[in-house]
Amino acid sequence: MEKTEVKITTEFIKLEALLKFAGVTETGGEAKGAIQAGEVKVNGEVCTMRGKKLRPGDQVALPGLELVVI
């Protein structure tokens with residue numbers, strides 16, 4: 001599984017924005033679809049809230065990819 005660190009300069013980033021920012025999805029609609037389909041896990045649990053606030057240390061997993069917020 002590919003592990004990628006995503007550096008943010010704010011206190012938090014919303015899940016949908018993280019997927020776009022990291023280049024996992026090209027559009028917000030694509031990100032929304034993946035999240036609502038249950039394809040995204042946050043810290044090991046499926047998350048369907050696209051506005052979930054992620055802070056440094058949080059891990060986001062998709063099939064074949066893991067993002068770590070730093």
Over all heavy atoms of both residues, which pair between Ile8 and Leu54 is shortest? Give the atoms and the distance, please. CD1-O, 4.2 Å

Under a 4.5 Å cut-off applied to non-hydrogen side-chain atoms, are Arg55 and Glu11 in contact? yes

When every non-hydrogen atom of Lys20 is compared with those of Thr27, the smallest separation belongs to CD-C, 3.6 Å

Is the shortest heavy-atom distance from the side chain of Leu65 to the side chain of Leu67 under 4.5 Å? yes

In short, Lys52 meets Cys47 closest at the heavy-atom pair CB-SG, 3.9 Å

Value rounded to 0.5 Å, distance of CE in Met49 from CD in Gln36: 12.5 Å

Ile35 side chain near Leu19 side chain, heavy-atom distance below 4.5 Å: yes

Minimal non-hydrogen separation, Lys3 against Gln59, with atom names: NZ-NE2, 4.3 Å

Please determine whether residues Phe12 and Val42 belong to a single hydrophobic cluster, defined as Ile, Leu, Val, Met, Phe, Trp and Tyr linked transitively by side-chain heavy-atom distances below 4.5 Å. no

Any heavy-atom pair between the side chains of Lys41 and Val46 that's under 4.5 Å? yes

Single-linkage hydrophobic cluster, 4.5 Å side-chain cutoff, Phe21 and Leu62 together: yes

Indicate yes or no: at least one non-hydrogen side-chain atom of Val24 is less than 4.5 angstrom from one of Thr4. no

Set out, in order, the CA-CA distance, both residues' side-chain angles and the distance that settles side chain to side chain contact (heavy atoms under 4.5 Å, CB included) for Leu15 and Arg50, then state yes or no. CA-CA 5 Å; Leu15 179 56; Arg50 64 182 205 215; 5.5 Å; no

Grab the two heavy atoms, one from Glu16 and one from Gly28, that are nearest each other, plus how far apart they are. OE2-O, 3.1 Å

Closest approach of Val6 to Ala22 (non-hydrogen atoms, all atoms of both residues): CG2-CB, 3.9 Å

